[in-house]
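Let me begin by presenting the structure, written as structure tokens, before commenting on it.
Along the sequence shown, residues are numbered consecutively beginning with 1.
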Amino acid sequence: PPVEMVVTAQGRRTFLDHVLQELGMQRPVLVSPSMSGRFALPFLLAHGDQLAGFVPIAPVGTKDYTAEQYRRVQTPTLILYGDRDTRLAPQALQNLQHLPEHRVAVLSGAGHACYLDKPVDFHQALLGFLRQLK
């Protein structure tokens with residue numbers, strides 16, 4: 001994206017909205033690891049109703065929003081992280097637990113990139129969540 005577009009949360013939200021529109025996505029599940037939180041969180045808070053589900057994996061930027069903002073989101077959410085991610089994951093969990101339709105999956109023995117450390121466990125958790133979506 002153009003640099004001037006992504007310097008603000010609104011610009012990042014707009015960019016992600018354009019990407020999903022260009023791909024013709026209708027009610028996708030948005031998976032958001034780490035730095036992608038800067039794009040996914042503004043989109044979730046503004047357009048969560050356009051998503052079938054949300055899967056944050058220790059995303060950055062969770063502290064930029066209030067508990068009340070999170071409480072307004074009704075998107076089914078799987079908060080996923082590795083138990084060895086002792087820096088970003090606890091902060092993300094503390095903030096994201098305000099999402100009313102959330103559940104949590106912790107991958108034992110996995111670090112920040114839990115999907116790389118424990119791919120089988122990651123996929124089991126993700127597929128289990130996807131099967132429960134309507």
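- Taking the side chain as every heavy atom from C-beta outward, R103 and T77 never approach each other to under 4.5 Å.
- Annotation for E68: atom CD counts as buried by contact number, over 12 foreign heavy atoms lying within 6.0 Å.
- Between L51 and V29, the closest side-chain pair of non-hydrogen atoms is not below 4.5 Å.
- L96 places none of its side-chain heavy atoms less than 4.5 Å from the side chain of H98.
- Under the 3.5 Å distance criterion, the side-chain polar atoms of Q132 are left unmatched by any main-chain donor or acceptor of F129.
- Tracing side-chain contacts under 4.5 Å through hydrophobic residues (I, L, V, M, F, W, Y), one never reaches V7 starting from F39; they form parts of separate clusters.
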May I have the step-by-step check of side-chain hydrogen bond (donor to acceptor under 3.5 Å, both in side chains) for Q91 and N95, ending in yes or no? CA-CA 7 Å; Q91 178 186 85; N95 295 304; 5.1 Å; no
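- Under a cut-off of 6.0 angstrom, the local environment of CD in Q10 is sparse, with at most 12 non-hydrogen atoms contributed by other residues, nucleotides or ligands.
- Looking at heavy atoms from C-beta onward, L45 lies out of side-chain contact with R72 at the 4.5 angstrom threshold.
- When hydrophobic clusters are built by joining Ile, Leu, Val, Met, Phe, Trp and Tyr residues whose side-chain heavy atoms come closer than 4.5 Å, directly or via intermediates, V73 is not grouped with L133.
- Within the 4.5 Å cutoff, the side chain of P56 has no heavy atoms near those of the L99 side chain.
- Taking every heavy atom of both residues into account, C114 and G82 meet most closely at CB-N, 3.8 Å.
- Within a 6.0 Å radius of CE in M5, other residues, nucleotides and ligands contribute more than 12 heavy atoms.
- In this structure, F54 and S32 have side chains that are in contact, with non-hydrogen atoms separated by less than 4.5 Å.
- Without hydrogens or angle criteria, R27 side chain to D49 main chain gives a donor-acceptor distance under 3.5 Å.
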I'd like to know whether V19 forms a side-chain contact (heavy atoms from CB on, under 4.5 Å) with M25, so could you lay out the CA-CA distance, the side-chain angles of the two residues, the decisive distance to 0.1 Å, and finally the verdict. CA-CA 9 Å; V19 169; M25 308 284 301; over 6 Å; no
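- Ring geometry for Y65 against Y70 counts as perpendicular: the plane angle is over 60°, on a 0 to 90° scale with 30° as the lower cut.
- The residue from V31, I79, L78, L107 that alone fulfils the side-chain contact (heavy atoms from CB on, under 4.5 Å) condition with I57 is V31.
- Looking only at distances, a side-chain donor or acceptor of D83 sits under 3.5 Å from a matching main-chain atom of G109.
- Judged by distance alone, with hydrogens and angles left aside, the side-chain atoms of D117 form a donor-acceptor pair with the main-chain N or O of G111 at under 3.5 Å.
- Note on L116: it clusters hydrophobically with L126, by side-chain heavy-atom contacts below 4.5 Å among ILVMFWY residues.
- The side-chain heavy atoms of F43 and T14, taken from C-beta on, include no pair separated by under 4.5 Å.
- Taking the side chain as every heavy atom from C-beta outward, V55 and L30 never approach each other to under 4.5 Å.
- Using modelled atom types, no side-chain atom of S34 and backbone atom of P59 make a donor-acceptor pair closer than 3.5 Å.
- A donor-acceptor pair is defined here as one N or O able to donate and one able to accept, closer than 3.5 Å; such a pair exists between the side chain of R12 and the backbone of V6.
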